[in-house]
Amino acid sequence: QVQLVESGGGLVQAGGSLTLSCAASGRPVSSYAMGWFRQAPGKERHFVASISRFGLNIYYEDSVKGRFTISRDNAKNTMYLQMNSLKPEDTAVYYCAAAVRVAQNRADYPYWGQGTQVTVSS
């Protein structure tokens with residue numbers, strides 16, 4: 001079983017950038033496809049981006065395409081989410097998750113981190 005810990009969240013002005021990290025332990029992260037989800041206050045948790053085990057397949061939610069970049073470094077057991085041109089509507093708790101195969105449905109991810117808050121001020 002893999003354990004996931006997110007970091008890198010914070011407060012940033014609109015138009016700014018942040019990079020989130022997701023560090024895995026317990027099992028090699030290369031055993032899993034990985035994803036990022038986010039949950040705004042009072043809303044459900046939604047898919048943001050996902051990446052296959054070795055990075056060959058990558059998917060993004062439409063609203064983040066061209067602004068966010070998902071990547072992974074299996075040697076460091078870490079996944080990343082580079083977020084540029086941030087908007088107030090990107091404000092949410094961001095979660096990383098691991099799955100057997102790359103997916104966009106949160107139900108396909110059995111392993112989750114505790115989340116990191118991203119707040120974008122206008």
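Just so it is clear, the values below take in all heavy atoms, side chains as well, and ignore hydrogens, waters and symmetry mates. What you are looking at is a predicted structure, and each value in this text was computed from that prediction instead of being measured. All residue numbers refer to positions in the sequence shown, counting from 1.
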Quiz item: Taking the side chain from E6 and the backbone from G115, do they hold a donor-acceptor pair closer than 3.5 Å?
Solution: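 Yes; judged by distance alone, with no hydrogens or angles, the pair exists.
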Quiz item: For R53, does its backbone N or O pair with a side-chain atom of N74 as donor and acceptor, under 3.5 Å?
Solution: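 Flag set: sc N74 to bb R53 pair under 3.5 Å.
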Distance (rounded to the nearest 0.5 Å) between [X] [atom1] and [Y] [atom2]:
X    : Y    : atom1 : atom2 : result
S122 : Q13  : OG    : CD    : 9.5 Å
R101 : Y109 : CZ    : OH    : 11.5 Å
E89  : R38  : CD    : CZ    : 8.5 Å
D90  : S85  : CG    : OG    : 9.5 Å
R72  : C22  : CZ    : SG    : 9.5 Å
S25  : Q1   : OG    : CD    : 10.0 Å

Self-check item: Results of ring pair (Phe, Tyr, Trp, His ring centres under 6.0 Å) for F47 - residues two or more places apart only
Solution: F37
Quiz item: For M34, what are the other residues in its hydrophobic cluster, where any two members join if their side-chain heavy atoms are less than 4.5 angstrom apart?
Solution: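 Once heavy-atom contacts under 4.5 Å are chained together, M34 belongs with V2, L4, V12, L18, L20, V29, Y32, W36, V48, I51, I58, Y60, V64, F68, I70, M79, L81, M83, L86, Y94, Y111, V118, V120.
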Practice problem: Not counting sequence neighbours, which residues clear side-chain contact (heavy atoms from CB on, under 4.5 Å) with Q39? List them please. | Solution: R45, Y95
Quiz item: Are T19 and Q82 close enough that a side-chain donor and a side-chain acceptor fall under 3.5 Å?
Solution: yes
Quiz item: Quick one: are T91 and Q117 in side-chain contact, heavy atoms under 4.5 Å?
Solution: yes
Quiz item: Per the side chain to side chain donor-acceptor pair (under 3.5 Å) rule, which among E61, R67, K65 passes with S63?
Solution: E61
